[in-house]
Student: 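Mind having a look at this structure? Questions to follow.
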Amino acid sequence: MSTPRKFKNLTFSLYENAHEMKMYESYYKEGSWDKGKIVPFHNIELSPAANILNYGQGVFEGMKAYRSVKGKIVMFRPEENAKRFARSCKKLAIPEVRVDKFMQAVRDIVMENEEFVPESENGSNSMYLRPVCIGTEPLLGVRASTEYIFYIFASPVGPYFDKVGVVRLLVTDVHRTAENSTGDAKAVCNYAVSMRPNREAKAQGFNGVLFLDSVHNKNVEEAGAANFFALMNDDTLVTPRLGAILPGITRESILKIASDLFGFKVEERELGIDEVCENAKECFLSGTGATITSISEISWKDHGYNVNKNDFQLAHRLYDRLLGIQLQREEDPYAWVMEVK
Ligand code: PLP
């Protein structure tokens, strides 16, 4: 295996030398996808009237390639990203990118950028993959595009949050999406709406926001780019039910580890913010970017609640086990890890 390049102080941002990397691209025209190919990282030319630029017909994914302790380049449950990508496409009337096409492109892009997969530094560093599909047809009337690009670029990255491990979140009254809308898809519009509340929260010294449901403005949904968990005082691990939120792959893996391997009672249900502030002894976020990030404080209605009276114990346990599996340090009981090389 090639030795990785040396990277200094990686953060979760686009690599300054991305132009030295390769990307994958495939075009959809006249009813079908072309074969797709690996090309140098490059800018994309679009008409000012392209659908994505005007009406936002676009979806994406986020996944990571790691160097494992066995010296392999591995990925965590990449087929789940492929399936979610296909579901997101369907929701936005984008022609399906088949799972096998997606998986081949992912394998190719990792192999072609092998030297950019950093040493993992115990899981904080990886090569992030960003598959994207956008409607490119120039049009004025609001309708689905007849032309698309599916592309994947990559970037070596470090931790998602500036301060590794613990964050403070502000509950916002802005709603990112809704049930029977795009909440359960990784659609670009869901992220556009989170920009302003996130920026305002950061200006107030928080690390990000926590969104509530759009019907009652009462139940916790998720953070801007991560799912939410609360360990209640009775030791039940609760996470918001699916519907309006992204079905996180990390979320599903945590539910399995917590119930099957650790023996916790787990629940997926409506979870009131009042209940969290009053009865949670530990809260954390989960996601490909966030991994497992503890929440020290939630600010709701101008009051700061200490939601961690448990010394972050469960988050640490879950983090160690999940990362242990991802980096091939521990047994992989569910065959979650795919060796790319
Ligand atoms: N929720 C949102 C809005 C996200 O963007 C993400 C992405 O990381 C997640 C949750 C977590 O999903 P996953 O665990 O599949 O990365």
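Numbering of ligands and ligand atoms starts at 1, following listing order. Throughout, numbering of the chain's residues begins at 1 and tracks the sequence. Just so it is clear, the model here is predicted, and its values are computed rather than measured.
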Student: Under a 4.0 Å heavy-atom cut-off, what residues line ligand 1?
Tutor: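 Residues near ligand 1: Arg84, Arg176, Lys186, Tyr191, Glu222, Gly224, Ala225, Ala226, Asn227, Leu246, Gly248, Ile249, Thr250, Ser286, Gly287, Thr288.
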
Student: Check whether Asp213 reaches the backbone of Asn219 with its side chain - one donor and one acceptor, N or O, closer than 3.5 Å.
Tutor: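 The answer is yes, because a donor-acceptor pair under 3.5 Å joins these two groups.
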
Student: Quick check: Phe284 with Tyr319 (ring centres under 6.0 Å apart)?
Tutor: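 Judged by ring-centre distance (under 6.0 Å), Tyr319 and Phe284 do not meet the cut-off.
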
Student: Using atom types as modelled and distance alone, determine if a side-chain donor or acceptor of Thr172 lies under 3.5 Å from a backbone N or O of Val174.
Tutor: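 Present.
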
Student: Using the six-membered ring wherever Trp is involved, compare the ring planes of Phe7 and Phe116 and label them parallel, tilted or perpendicular (cut-offs 30° and 60°).
Tutor: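 The rings of Phe7 and Phe116 sit tilted, inter-plane angle from 30° to 60°.
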
Student: Under 3.5 Å, which donor-acceptor pairs link side chains of residues 126-135 to any protein atom two or more places apart or in another chain?
Tutor:
{"residue": "Tyr128", "atom": "OH", "partner": "Arg130", "partner atom": "NH2", "Å": "2.8"}
{"residue": "Arg130", "atom": "NE", "partner": "Glu61", "partner atom": "O", "Å": "2.9"}

Student: Measure the acute angle between the ring planes of Phe76 and Trp336, then classify it against the limits of 30° and 60° as parallel, tilted or perpendicular.
Tutor: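 Perpendicular: the ring planes of Phe76 and Trp336 meet at over 60°.
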
